[in-house]
Amino acid sequence: MRIQYFGVRGSLPTPGKSTIKYGGNTTCLSLNADGRQIIVDGGSGLRLLGLELMKLAFGRGQGEASFFWTHFHWDHLMGFPFFVPNFIKGNRFKHYGPAAAREVLVRQQAFINFPVEFSQMTSQHEFETLEPGQALALGALNVTSCRMHHPAGGLTYKFTHEGKSMVFATDVEHPAEGLDPELLKLTQGADLLIYDAQFTPEEYEKGRKGWGHSTWQKGMELARAARVKRLHLCHHDQQHADAFLEKSILAPAKKIFPRTFLAREGWGFDL
Ligand SMILES: [Zn+2]
Ligand SMILES: [Zn+2]
């Protein structure tokens, strides 16, 4: 499968000199497998993915893609109204995710918030609610999930294709003691774990418990316990400049789990 990051920032877009290396757009990931275009979350990075897709069949109104929504916090859907393929007649989208996906996207484009309402977009949209643990096969691409520990809940997805697997675990918080057993089970043996490292362990201890985010330390513990091959830390905090990410998030994690990397906007690779 081919994976590319279009947004790796948490909570709020953060343009500027201090975030230019890892990027300032919020969560959006493109996945290509089995000849399919998959989009995981539609944060502000979705705008850039839309421009790339316009160069392909989506520009001619012949594109098809499946969205997998982890949850509906603003930073994960704010790019949707700016996704140009939405406005091209003939493009077709299937949305998978927790219940209320349609309602949330329609509400985001209420006229008072955005000048073009959801119903005025000329592309086609279909919705299917997924339950935690529900297995889904899109041709040879298999998808399953577990419940996300995050305010208002959500789904952590695992994508498997041709024997390779990737777990997308952003916006997750670990329990007070140990690891989330459901997430550990889902992550077991994954080739790639993409994990929420919004806070340093010190920041987490200082008043950020219960906010639904995690640390590099817990990501590394999970990666080791589940014997994953590679760990990508993501959902970078809006206060964390590039230099801080490298010094205070990547460096300590790499010492213990050498195959740790920082997710970076624009980075594409084959798994
Ligand atoms: Zn988020
Ligand atoms: Zn969230």
Side-chain angles (χ1 to χ4, degrees), residues 3-15 19 22-31 38-49 67-83 95-101 103-105 107-108 113 129-130 132 145-158 166-175 180 182-183 186-187 193-200 203-204 207-216 218-219 222 231-241 244-245 249 262-265 267:
I3 292 170
Q4 190 170 6
Y5 292 110
F6 282 85
V8 297
R9 186 65 51 177
S11 308
L12 192 74
T14 52
T19 58
Y22 292 96
N25 279 302
T26 63
T27 306
C28 180
L29 178 134
S30 166
L31 189 157
I38 307 294
I39 301 168
V40 187
D41 282 351
S44 67
L46 178 63
R47 183 183 70 84
L48 301 173
L49 173 56
F67 278 88
F68 282 82
W69 298 97
T70 60
H71 67 308
F72 303 114
H73 280 157
W74 194 25
D75 54 320
H76 296 256
L77 51 92
M78 58 168 60
F80 191 74
F82 300 90
F83 182 59
H95 299 262
Y96 297 95
E103 185 193 331
V104 172
L105 293 177
R107 212 165 50 203
Q108 178 171 240
N113 296 329
T129 298
L130 295 177
S145 63
C146 75
R147 194 161 53 90
M148 227 168 82
H149 290 275
H150 195 62
L155 296 170
T156 289
Y157 294 107
K158 180 179 195 173
M166 179 271 275
V167 173
F168 191 75
T170 185
D171 297 62
V172 293
E173 183 163 6
H174 50 81
D180 173 356
E182 286 175 52
L183 183 56
L186 187 78
T187 306
L193 168 62
I194 301 172
Y195 190 80
D196 183 323
Q198 175 138 0
F199 303 128
T200 64
E203 286 169 337
Y204 179 77
R208 291 175 176 90
K209 287 183 187 171
W211 288 19
H213 296 288
S214 195
T215 66
W216 63 263
K218 280 290 167 181
L222 176 62
L231 173 64
H232 286 189
L233 301 173
C234 73
H235 210 270
H236 309 314
D237 190 83
Q238 68 271 26
Q239 296 294 102
H240 291 175
F244 184 90
L245 289 175
I249 306 265
L262 291 172
R264 177 167 44 83
E265 188 176 314
W267 183 19

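Being a predicted model, the structure only gives us computed values, none of them experimental. Index from 1, following the sequence. When a ligand or atom number is given, it counts from 1 through the structure's own listing order.
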Report task. Would you please say whether a donor-acceptor pair under 3.5 Å links the side chains of Glu203 and His213? Result -> no
Query raised in the report: Quick one: do the Tyr22 and His240 side chains pair a donor with an acceptor below 3.5 Å?
Result: no
Query raised in the report: Which class fits the ring pair His95 and Trp69: parallel under 30°, tilted 30 to 60°, perpendicular over 60°?
Result: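 It falls in the parallel class, under 30°.
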Query - Sphere of radius 2.8 Å around the Zn ion (ligand 2) - protein N, O or S atoms inside - result: His71 NE2, His73 ND1, His150 NE2, Asp171 OD2
Query raised in the report: Under 6.0 Å between ring centres, would you say that holds for Phe67 and Phe80?
Result: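 Yes, the ring of Phe67 comes within the 6.0 Å limit of the ring of Phe80, centre to centre.
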Query - Contacts of type salt bridge (charged side-chain N to carboxylate O under 4.0 Å, His left out), residue Glu182, not counting sequence neighbours - result: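 For Glu182, the residues satisfying salt bridge (charged side-chain N to carboxylate O under 4.0 Å, His left out) (neighbours in sequence not counted) are Arg147.
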**Report entry** Heavy-atom closest contact (Ala169 atom, Leu183 atom, distance)
**Finding:**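 So the two residues come closest at CB-CD1, 4.1 Å.
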